[in-house]
Chemist: 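First, the structure itself, so that you have it in front of you.
Hydrogens, waters and symmetry mates play no part in the numbers below; they use all other heavy atoms, side chains included. Residue indices begin at 1 and follow the sequence shown. Note that the structure is a prediction, hence the values are computed from the model and not measured.
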Amino acid sequence: MNTRIEVRDTVVLVDAQDQQIGTLDKLAAHSGRGSLHRAISVFLTDENGCVLMQKRHPDKLVWGGYWSNSCCTHPFVGESTIDCAIRRVREELGLSVELTFHFKLKYQASFSNEHAEHELVSVFTGTTQGQPDIDRDEISDLMWIEPEKLSQELVAKPDEYTPWCILEWKELQAQKLL
């Protein structure tokens, strides 16, 4: 299996208040039950309110081949979460979009006996009028879906979606943000 993670890649370790407490290479941070680290997630909509979902490339270390939000990643050391979110939307989707920060969500989810996510994720939304030009090394497929249909899919087929996407979508819906 191609883990697609290089040892030089690092994540920012944080405490529950999002204060940096160190750094760790990505593979180590996602090993075992995971080490709490900073992340971002973005949900994009089109002018009709449909949500852009991506299917993660099957070679991803965790949840490869699963459907997820428009894009997500980890900020570089010293990079703000908003700058990271803007960068990642451009890198993965080829889009320049104004983003709005909404909330932070802490979660832990085991993918296997060896790998997990343990993140304090900053969640952003934005609206795009453009069509994505995807990075095929990161994304294997895209779909636009109506919010009501997405809510139904997440309940009916939770094993096809990343756990963070499900949790973040529930909070976005609870706050009536999407």
Chemist: Cys165 and Met53: which non-hydrogen atoms are nearest, and at how many Å?
Modeler: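 The pair with the smallest heavy-atom distance is SG-CE, 3.6 Å.
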
Chemist: Could you pull out the closest heavy-atom pair between Arg33 and Ser110, with the gap in Å?
Modeler: NH1-OG, 3.7 Å

Chemist: Treating Ile, Leu, Val, Met, Phe, Trp and Tyr as nodes and any side-chain heavy-atom pair under 4.5 angstrom as an edge, say whether Leu120 and Ile166 lie in one connected cluster.
Modeler: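 They do not share one cluster, since no chain of ILVMFWY contacts under 4.5 Å joins Leu120 to Ile166.
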
Chemist: A side-chain contact here means heavy atoms from C-beta on lying under 4.5 Å apart; do Ser41 and Trp164 qualify?
Modeler: yes

Chemist: Ring pair (Phe, Tyr, Trp, His ring centres under 6.0 Å) with Tyr107: which residues, sequence neighbours excluded?
Modeler: none

Chemist: If you count every heavy atom of other residues, nucleotides or ligands that lies below 6.0 Å from Glu47 atom CD, does the total exceed 12?
Modeler: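 Counting other residues, nucleotides and ligands, CD of Glu47 exceeds 12 neighbours.
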
Chemist: Not counting sequence neighbours, which residues clear side chain to side chain donor-acceptor pair (under 3.5 Å) with Lys104? List them please.
Modeler: Asp18

Chemist: Side chains of Glu171 and Gln175: any donor to acceptor distance under 3.5 Å?
Modeler: yes

Chemist: I need the full list of salt bridge (Lys or Arg N to Asp or Glu O under 4.0 Å) pairs touching residues 63-74, with sequence neighbours left out, sorted by first then second residue.
Modeler: none

Chemist: Atom CG of Leu178 and atom CD of Glu168: how far apart are they, to the nearest 0.5 Å?
Modeler: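 Rounded to the nearest 0.5 Å, the CG-CD separation comes out at 11.5 Å.
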
Chemist: What heavy-atom pair brings Thr81 and Pro75 nearest, and what distance separates the two atoms?
Modeler: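 Scanning both residues completely, I find the closest heavy atoms to be CG2-CG, 4.2 Å.
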
Chemist: Any chance you could lay out the side-chain contact (heavy atoms from CB on, under 4.5 Å) test for Glu138 and Lys60, step after step, and finish with the verdict?
Modeler: CA-CA 8 Å; Glu138 296 290 332; Lys60 293 287 224 175; 2.4 Å; yes

Chemist: Do you know the tightest heavy-atom contact between Trp169 and Ser151?
Modeler: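 Shortest heavy-atom contact: NE1-OG, 2.8 Å.
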
Chemist: Find the distance between OG (Ser140) and CZ (Arg56) and round it off to the nearest 0.5 Å.
Modeler: 10.0 Å

Chemist: Please give the remaining members of the hydrophobic cluster of Ile82, linking ILVMFWY side chains under 4.5 Å, ordered by chain and number.
Modeler: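 For the cluster that includes Ile82, the remaining residues are Ile40, Val42, Leu44, Leu52, Ile86, Val89, Leu93, Leu95, Val97, Leu99, Phe101, Phe124, Ile134, Ile139, Leu142, Trp144.
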
Chemist: Once rounded to the nearest 0.5 Å, what's the spacing between atom CG of Leu172 and atom NZ of Lys170?
Modeler: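 Nearest 0.5 Å value for the CG-NZ distance: 13.0 Å.
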
Chemist: How long is the straight-line distance from CZ of Arg38 back to SG of Cys84, given to the nearest 0.5 Å?
Modeler: 10.0 Å

Chemist: Holding to salt bridge (Lys or Arg N to Asp or Glu O under 4.0 Å), I want the full list of residues that pass it with Lys176, two or more places apart in sequence or in another chain.
Modeler: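 Partners of Lys176 under the salt bridge (Lys or Arg N to Asp or Glu O under 4.0 Å) test: none.
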
Chemist: Just jot down the salt bridge (Lys or Arg N to Asp or Glu O under 4.0 Å) partners of Lys149, sequence neighbours excluded, or say none.
Modeler: Glu153

Chemist: Does any non-hydrogen side-chain atom of Leu61 lie less than 4.5 Å from one of Leu27?
Modeler: yes

Chemist: Any side-chain to backbone donor/acceptor pair from Glu146 onto Cys50? Under 3.5 Å, distance only.
Modeler: no

Chemist: Check salt bridge (Lys or Arg N to Asp or Glu O under 4.0 Å) between Arg87 and all other residues, then give those that pass, not counting sequence neighbours.
Modeler: Glu79, Glu91

Chemist: At what distance, to the nearest 0.5 angstrom, does OG of Ser68 lie from CD of Glu160?
Modeler: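 Spacing of OG (Ser68) from CD (Glu160) equals 13.0 Å.
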
Chemist: Taking only residues two or more places apart in sequence, or in another chain, which ones meet His118 in a side chain to side chain donor-acceptor pair (under 3.5 Å)?
Modeler: none

Chemist: Which atom names give the shortest non-hydrogen contact between Ser35 and Ala28, and what distance separates them?
Modeler: OG-O, 4.5 Å

Chemist: Mind checking whether Val12 and Leu24 sit in one hydrophobic cluster, side chains of I, L, V, M, F, W, Y counted as touching below 4.5 Å?
Modeler: no

Chemist: Among all residues two or more places apart in sequence or in another chain, which pass the side chain to side chain contact (heavy atoms under 4.5 Å, CB included) test with Ile21?
Modeler: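 Testing Ile21 for side chain to side chain contact (heavy atoms under 4.5 Å, CB included), a comparison that skips the adjacent residues, returns Leu13, Asp15.
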
Chemist: Which residues satisfy the ring pair (Phe, Tyr, Trp, His ring centres under 6.0 Å) test with His74, sequence neighbours excluded?
Modeler: His30, His37

Chemist: Are Leu105 and Val11 connected, step by step, through hydrophobic side chains (Ile, Leu, Val, Met, Phe, Trp, Tyr) whose heavy atoms are closer than 4.5 Å?
Modeler: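 The answer is no; the residues belong to distinct hydrophobic clusters.
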
Chemist: If you round to the nearest 0.5 Å, how far is CZ of Phe43 from CG of Leu150?
Modeler: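 Spacing of CG (Leu150) from CZ (Phe43) equals 7.5 Å.
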
Chemist: Report, as yes or no, whether the 6.0 Å neighbourhood of atom CG on Asn48 holds more than 12 heavy atoms from other residues, nucleotides or ligands.
Modeler: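 More than 12 within 6.0 Å, yes.
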
Chemist: Tell me whether Trp63 is reachable from Met143 by hopping between hydrophobic residues (I, L, V, M, F, W, Y) whose side-chain heavy atoms are closer than 4.5 Å.
Modeler: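 Linked within one cluster.
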
Chemist: Write down the atom of Ala109, the atom of Pro163, and the distance for their closest heavy-atom approach.
Modeler: CB-CG, 3.6 Å

Chemist: Can you list every pair that meets salt bridge (Lys or Arg N to Asp or Glu O under 4.0 Å) and has a residue in residues 108-132, with sequence neighbours left out?
Modeler: none

Chemist: In the single-linkage hydrophobic clustering (I, L, V, M, F, W, Y; side-chain heavy atoms under 4.5 Å), do Leu177 and Val51 co-cluster?
Modeler: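 Cluster IDs for Leu177 and Val51 match.
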
Chemist: For Gln20, what residues pass the side chain to side chain donor-acceptor pair (under 3.5 Å) criterion, not counting sequence neighbours?
Modeler: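 Result, side chain to side chain donor-acceptor pair (under 3.5 Å) vs Gln20: none returned.
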
